[in-house]
Amino acid sequence: LMTGKTKKIIGAVVGIAVIAAVVGFSVNRENRKKTTVQTGKVEKKDLVQVVTASGEVRPRRYVNVGANVSGRLVEVNVLEGDRVKKGQVLAKVESERYEAVQRQSEAGVAAARADLQRTEADVAAAKLAFDRAKRMQQDKLIADSAYDQAEAEWKMKTAQVESARRRVAQLQAQLESTRDDLVKTTVISPMDGVVTNLPKEAGEMVIGAMSFSPTVIMTVADLSVMECEVMVDETDFRNLKLGQEAKIKVDALEGLELKGDVTEIGSSALVRGSGSQAATQTALGANTGNQPKDFKVTITIKDPPPNLRPGLNATADITTEKRAKVIAVPVQAVVVREVNKEGKVVDPDAMAQGGGEREGNTVAQAAREKGVEKDGVFLVSGDKAVFKPVKTGIMGESDIEITEGITEGQEIVTGSYRVLRNLKDEARIKVETKGKKS
């Protein structure tokens with residue numbers, strides 16, 4: 001049997017347990033109302049802003065070599081990869097027709113010169129006859145009509161000489177043109193370099209340079225100066241400047257990192273996915289406002305290795321800005337919130353839902369004055385997260401510079417991204433325990 005004292009003790013224990021349960025329930029309920037977040041201290045860091053773009057390797061100077069005349073290739077004297085010198089014979093086009101035309105032209109020039117010599121002899125004879133008639137007319141030995149006829153004959157022969165000379169000059173010019181065509185049947189290298197492409201072989205027909213679509217017999221390139229041509233997104237274009245450093249990785253040369261400098265920046269935006277020429281034509285023609293654009297950027301590679309070849313795919317990281325010891329926070333810590341004219345933050349769910357009043361069966365949307373969207377971070381103030389507008393600077397690989405709004409050492413909410421996306425101003429928070437995830 002329990003005594004009265006025992007009953008009092010048991011009652012006291014039970015009361016304490018009930019109170020503890022109530023307090024524990026209240027604490028748990030309050031904890032459930034808090035948002036679990038990750039936090040961190042604001043620190044100063046060294047930031048490097050990089051623009052990454054893809055493209056391909058190409059020589060700075062290269063020439064697509066074609067024939068100046070049409071015909072069949074009878075010789076190709078080089079192989080792909082051969083090193084050639086300026087003026088070296090690369091290939092020959094069949095020349096029989098041009099040789100025949102040259103012989104014909106030479107014969108025409110010879111005939112015209114013979115005709116010129118004959119007319120010059122006729123002029124000399126006519127001049128003698130005219131001089132004789134002139135003396136006889138002065139001595140009244142012949143009639144004036146005979147003198148006039150001799151003079152006319154001399155002038156006519158003189159005119160024929162001038163015509164014969166013009167004919168010789170004309171045929172001589174035709175002969176020079178024919179000789180030039182014959183010379184052009186031999187394809188020579190326009191520069192020192194390496195044969196990087198050889199799509200044609202002996203026996204194939206080629207179309208000359210005077211046509212609308214001349215045939216490319218081979219490509220000769222100067223591989224001593226190599227470039228990486230990349231396409232940079234229009235949103236990153238404003239950060240580019242000539243002379244900026246770049247690191248280049250070539251897919252085919254795994255593990256090798258090349259260095260270079262930006263030497264050319266395109267002045268016109270090109271439609272993404274189109275070739276340069278087609279893109280330029282499109283940009284100057286139809287409206288392409290809704291299509292993504294790129295800018296062509298050329299990077300000159302320093303000390304290109306011998307195994308670097310034109311056409312290889314490459315990725316370039318262009319360093320556009322460097323900052324030392326600046327206040328920086330993780331990129332995901334910076335969020336956008338709407339601030340109304342009273343300076344209060346509009347919570348994300350209010351922004352998304354808006355307001356509405358029901359009139360009968362119709363919901364009338366209440367107009368809400370639009371505030372100003374501002375970048376900011378959530379400062380940790382006791383057990384609350386307070387939105388603080390900030391101004392941002394350059395962006396590094398995972399951090400972003402803060403130029404105004406917070407100072408070193410302050411604690412901010414750094415994650416998670418899912419929580420930050422919908423976190424409310426002055427929301428009650430609790431810091432995530434290490435080893436657990438929210």
Side-chain angles (χ1 to χ4, degrees), residues 63-78 85-138 141-191 200-218:
V63 178
N64 291 323
V65 180
N68 288 303
V69 294
S70 300
R72 188 179 303 278
L73 277 177
V74 292
E75 290 183 22
V76 175
N77 300 325
V78 293
K85 295 290 185 180
K86 183 177 181 179
Q88 180 178 335
V89 175
L90 304 177
K92 289 186 178 181
V93 179
E94 58 184 354
S95 59
E96 288 80 1
R97 179 166 62 90
Y98 299 100
E99 291 173 352
V101 173
Q102 177 177 314
R103 290 192 295 269
Q104 183 181 3
S105 297
E106 289 173 344
V109 170
R113 285 176 175 169
D115 186 56
L116 174 62
Q117 291 176 351
R118 179 181 61 79
T119 54
E120 287 176 342
D122 290 344
V123 166
K127 183 66 168 60
L128 290 175
F130 170 69
D131 291 342
R132 186 166 53 253
K134 185 176 181 180
R135 288 193 298 271
M136 294 178 69
Q137 191 264 350
Q138 290 173 352
L141 298 175
I142 59 173
D144 290 344
S145 59
Y147 168 79
D148 293 339
Q149 183 178 358
E151 183 181 19
E153 186 74 16
W154 171 59
K155 290 182 178 180
M156 182 183 68
K157 296 296 184 181
T158 301
Q160 289 177 349
V161 168
E162 184 61 26
S163 177
R165 285 175 179 169
R166 292 180 180 275
R167 177 65 176 167
V168 169
Q170 180 184 15
L171 293 175
Q172 185 65 40
Q174 291 180 358
L175 175 60
E176 293 300 325
S177 177
T178 302
R179 285 174 176 170
D180 183 61
D181 287 342
L182 183 58
V183 170
K184 287 177 178 177
T185 60
T186 300
V187 181
I188 63 174
S189 177
M191 57 181 281
K200 293 297 178 181
E201 297 181 357
E204 295 188 63
M205 292 295 296
V206 294
I207 300 175
M210 295 299 104
S211 66
F212 290 105
S213 56
T215 303
V216 175
I217 300 175
M218 66 186 70

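Positions are given from 1, in the same order as the sequence printed here. Keep in mind that the numbers below use all heavy atoms, side chains included, and drop hydrogens, waters and symmetry copies.
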Thr185, Thr186, Thr178 screened by side-chain contact (heavy atoms from CB on, under 4.5 Å) with Leu182, the one that passes: Thr185
side-chain contact (heavy atoms from CB on, under 4.5 Å), paired with Val123, selected from Gln160, Glu153, Lys157, Arg118: Lys157
Glu176 and Gln172 side chains, donor-acceptor separation under 3.5 Å: yes
Spatial distance of atom CD (Glu151) from atom CG (Asp131) [nearest 0.5 Å]: 11.0 Å
Approximate separation, where rounding is to 0.5 Å, of Ile188 CD1 and Asn77 CG: 12.5 Å
Side chains of [X] and [Y], heavy atoms from C-beta outward: is any pair under 4.5 Å?
| X | Y | result |
| --- | --- | --- |
| Leu116 | Val161 | yes |
| Leu175 | Glu106 | yes |
| Met191 | Val63 | yes |
| Ser189 | Val65 | no |

Ignoring hydrogens, what is the shortest heavy-atom contact between [X] and [Y]? Give both atom names and the distance.
| X | Y | answer |
| --- | --- | --- |
| Ile207 | Thr215 | N-OG1, 2.9 Å |
| Gly108 | Leu171 | O-CD1, 3.2 Å |
| Ala126 | Trp154 | CB-CA, 3.6 Å |
| Ala164 | Thr119 | CB-OG1, 3.7 Å |
| Gly208 | Pro214 | O-CB, 3.4 Å |

Working for side chain to side chain contact (heavy atoms under 4.5 Å, CB included), residues Lys200 and Leu73: CA-CA 9 Å; Lys200 293 297 178 181; Leu73 277 177; 3.9 Å; yes
Could you give the side-chain donor-acceptor pairs of residues 86-97 under 3.5 Å, partners two or more places apart or in another chain?
residue	atom	partner	partner atom	Å
Gln88	OE1	Lys85	N	3.1
Glu94	OE2	Arg72	N	3.2
Ser95	OG	Glu99	OE2	3.2

Basic-acidic side-chain contact under 4.0 Å: Asp181, Lys184: no
Salt bridge present between Glu120 and Arg113 (N-O < 4.0 angstrom): no
Neighbour count >12 (heavy atoms, 6.0 Å) for atom CZ, Arg179: yes
Gln138 atom CD, neighbour heavy-atom count above 12 within 6.0 Å: yes
Evaluation steps, side chain to side chain contact (heavy atoms under 4.5 Å, CB included), between Glu162 and Thr158: CA-CA 7 Å; Glu162 184 61 26; Thr158 301; over 6 Å; no
